Amino acid sequence: MKYHQIDRNLFIKNRAKFMAQMKPKSVAVFNSNDIYPVSADSTLPFAQHRDIFYLSGVDQEESILLLFPDAPYEHQREMLFLKETSEHIAIWEGEKLTKQRALEVSGIRTVYWLPDFEKVLFEMMTHSDTMYINTNEHYRATVETETREARFVKWWKEKYPAHAVAKSNPILQRLRSIKESEELDLIQNACTITEKGFRRLLSFVKPNVTEYEIEAELIHEFIRNRSKGFAYTPIIASGNNANVLHYIENNQQCKAGDLILLDVAAEYANYSSDLTRTIPVSGRYSERQKAVYNAVLRVKKEATKMLVPGALWKQYHFEVGKLMTSELLGLGLIDKADVQNENPEWPAYKKYFMHGTSHHMGLDTHDYGILTEAIQANMVFTVEPGIYIPAEGFGIRLEDNVVVQETGDPFNLMRNIPIEVEEIESLMHS
């Protein structure tokens, strides 16, 4: 891995929190992701399942974590099962975790090789009543590929039909949404790497540069700072491309006078950052572009202040909608009649700002969090309002990542990344 080793105490704490919420005499199993094939002998780069990483720090394929707080013997309460390394594997793929190295990474002392899993699981099943299975219940999830986790669940249900079934996901949704201090440090590191990439662009962007050249500058800066690369597929959208919310082709030339919407950010140690900035190709905003930009910035600043403990997700977005409505009226994009006659299910402001303002962020860019429950301290959110005007050939979105505090305004993890019009123009001309 490119990242520095994470203190295993983070994973020890995470497991303790999870096991404290398990039912009596219950077992929980977590599987790593598959390495997905492309064609012939080609595969996609491995990306670890975030849940097993959150609970163990193990970042390699063919790994299983088993938790059994009420196991008859202490050494059975936390167990890892790993692909056995060998001289052959070391030569062809590089070294995998040894049992000692797994202990150093995870804090788990009982480590088996994978062939022992079914035998050990059978013994644990004879002492337990309930199995926690790990299904994906994220509100944005669309799963069309059978995962290693899904194959395990299918096999386990056939093998042990008499056991009760419980779900790991509701526990993890709550636990993962509230970050430990070590996690906040990792996210801050991802944000700092993102800052370096963005600052690199400010002296690079000029008329006739291509979107993919900008992408190349970013990936260079991210990897040289120990990131695997982008936390998500980058959006580098010049001109009217910014009005396609998930534009990812990044293959057009950036023209003088246009804006570039950059929704680009680095990951670090599997933790995400999520940045959006909108910069002028020529280094100066037009008066109209500046007016819309500052309207978006005002909404972002006020929306950020609303992310406080006890706030409710639905009401938060309703209040942000009122802010945006006021700004759009000021810009002449909507009028009072539009507001008076609006459909409450799709308010007038949605014509120019059609997506949500914030989402949880952490190990996943759209991280775990139950949206019907009140916001709590140490949750990390994006704040990302935008105004999109196809008729005028540009769209503007601004986004930072913030940590909810017990009292006061959220802490901005991207506080050092330029966002004010004057600072961006100055840096692009320095």
Side-chain angles (χ1 to χ4, degrees), residues 194-222 229-266 273-300 324 327-328 330-334 351-355 384-400 414 417-430:
T194 297
E195 177 192 351
K196 292 177 180 179
F198 179 68
R199 288 184 179 275
R200 181 187 182 102
L201 293 185
L202 293 178
S203 60
F204 174 78
V205 168
K206 56 186 179 298
N208 300 320
V209 72
T210 57
E211 294 165 348
Y212 56 80
E213 287 177 297
I214 294 172
E215 184 175 346
E217 292 296 307
L218 288 166
I219 196 67
H220 175 95
E221 194 66 28
F222 291 172
F230 293 102
Y232 50 90
T233 305
I235 296 169
I236 301 170
S238 61
N240 236 332
N241 295 332
N243 294 307
V244 179
L245 295 182
H246 291 129
Y247 171 83
I248 57 172
E249 283 81 3
N250 302 344
N251 61 5
Q252 298 298 303
Q253 193 174 61
C254 303
K255 299 174 183 175
D258 277 351
L259 299 179
I260 311 171
L261 189 155
L262 301 156
D263 193 335
V264 291
S273 60
D274 192 355
L275 173 79
T276 308
R277 292 291 187 268
T278 307
I279 65 175
V281 174
S282 302
R284 301 282 183 202
Y285 298 89
S286 71
E287 289 305 310
R288 176 60 169 174
Q289 291 167 348
K290 191 183 300 185
V292 177
Y293 187 104
N294 284 326
V296 175
L297 184 56
R298 285 191 293 270
V299 173
K300 190 189 83 68
M324 184 59 78
E327 293 293 349
L328 293 174
L331 291 167
L333 289 169
I334 60 175
K351 179 178 180 181
Y352 297 98
F353 174 40
M354 61 290 296
H355 58 77
E384 49 180 308
I387 295 176
Y388 309 91
I389 319 175
E392 298 184 35
F394 69 90
I396 294 172
R397 181 164 68 249
L398 300 172
E399 176 182 20
D400 283 333
M414 293 180 159
I417 303 179
I419 194 168
E420 299 288 343
V421 163
E422 296 76 16
E423 185 178 11
I424 288 174
E425 289 184 338
S426 175
L427 288 168
M428 292 188 78
H429 283 273
S430 62

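Predicted model only: the values in this text are computed from it and were never measured. Excluded from the calculations below are hydrogen atoms, water molecules and symmetry mates; all remaining heavy atoms, backbone and side chain alike, are included.
- Once rounded to the nearest 0.5 Å, the distance linking CG of Asn208 with CD of Gln253 reads 4.5 Å.
- Counting only distance, with no hydrogens or angles, the side chain of Ser426 and the backbone of Glu423 share no donor-acceptor pair below 3.5 Å.
- Interatomic distance, CG of Leu259 versus CD1 of Ile279, reported as 9.0 Å (0.5 Å rounding).
- Side-chain atoms of Glu215 do not come within 3.5 Å of backbone N or O of Thr210 as any donor-acceptor pair.
- Asn243 and Gly395 get closest at one heavy-atom pair: OD1-CA, 3.7 Å.
- For the residue pair Phe198 and Ile417, the shortest heavy atom distance occurs at CD2-CG2, 3.6 Å.
- A cation-pi geometry, defined here as NZ or CZ lying under 6.0 Å from the six-membered ring centre and within 45° of its normal, holds between Lys206 and Phe204.
- Within the 4.5 Å cutoff, side-chain heavy atoms of Gln252 are placed close to those of Asn241.
- Taking the six-membered ring where the residue is Trp, the centroids of His220 and Phe222 are separated by 6.0 Å or more.
- Remark: Tyr212 OH is loosely packed, at most 12 non-hydrogen atoms of other residues, nucleotides or ligands lying under 6.0 Å away.
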Does the side chain to side chain contact (heavy atoms under 4.5 Å, CB included) test come out yes or no for Leu333 and Ile387, once each step is laid out? CA-CA 10 Å; Leu333 289 169; Ile387 295 176; 4.0 Å; yes
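- Within the 4.5 Å cutoff, no side-chain heavy atoms of Leu331 are placed close to those of Ile389.
- No donor-acceptor pair closer than 3.5 Å links the side chain of Ser282 to the backbone N or O of Ala256.
- Proximity of a side-chain donor or acceptor of Glu211 to a complementary backbone N or O of Asn251 within less than 3.5 Å is detected.
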Pair Ile419-Lys300, side chain to side chain contact (heavy atoms under 4.5 Å, CB included): steps then yes or no: CA-CA 11 Å; Ile419 194 168; Lys300 190 189 83 68; 3.4 Å; yes
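- Under 4.0 Å is where a charged nitrogen must lie from a carboxylate oxygen, and between Glu217 and Arg200 at least one such pair does.
- Counting heavy atoms from C-beta outward, Ile235 and Arg397 have side chains that approach closer than 4.5 Å.
- Panel note: side chain Arg277, backbone Pro418; a donor-acceptor pair is recorded below 3.5 Å.
- Put simply, the side chain of Glu221 does not reach to within 4.5 Å of the side chain of Arg199, judged on heavy atoms.
- Here Tyr293 contributes atom OH and Leu398 contributes atom CG; the two are 4.5 Å apart, rounded to the nearest 0.5 Å.
- With a 4.5 Å cut-off on side-chain heavy atoms, Tyr388 and Leu261 count as touching.
- Across all non-hydrogen atoms, the minimal contact from Glu384 to Phe353 is O-CE1, 4.2 Å.
- With contacts defined as side-chain heavy-atom distances shorter than 4.5 Å, the pair Asp263/Tyr247 does not qualify.
- Proximity of Glu420 to Leu297: side-chain heavy atoms (C-beta onward) are separated by under 4.5 Å at one or more points.
- For the pair Pro280 and Ile424, the tightest heavy-atom approach, listed with the atom from each and the gap, is CD-CG2, 4.2 Å.
- Pro234 approaches Val264 most closely through the heavy-atom pair CB-CG1, 3.6 Å.
- Met428 contributes atom CE, which lies 7.5 Å from atom OH of Tyr285 (distance to the nearest 0.5 angstrom).
- Side-chain contact between Ile214 and Ser238: absent, with no pair of heavy atoms (C-beta onward) separated by less than 4.5 Å.
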When you look at Leu328 and Lys351, which way does the side chain to side chain contact (heavy atoms under 4.5 Å, CB included) test go after all the steps? CA-CA 10 Å; Leu328 293 174; Lys351 179 178 180 181; over 6 Å; no
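- Rounding to the nearest 0.5 Å places OG1 of Thr194 at 12.0 Å from CG of Leu262.
- The distance from atom CG of Leu201 to atom CD1 of Ile236, rounded to the nearest 0.5 Å, is 7.5 Å.
- In terms of heavy-atom proximity, Asp400 sits nearest to Met414 at OD1-CB, 3.4 Å.
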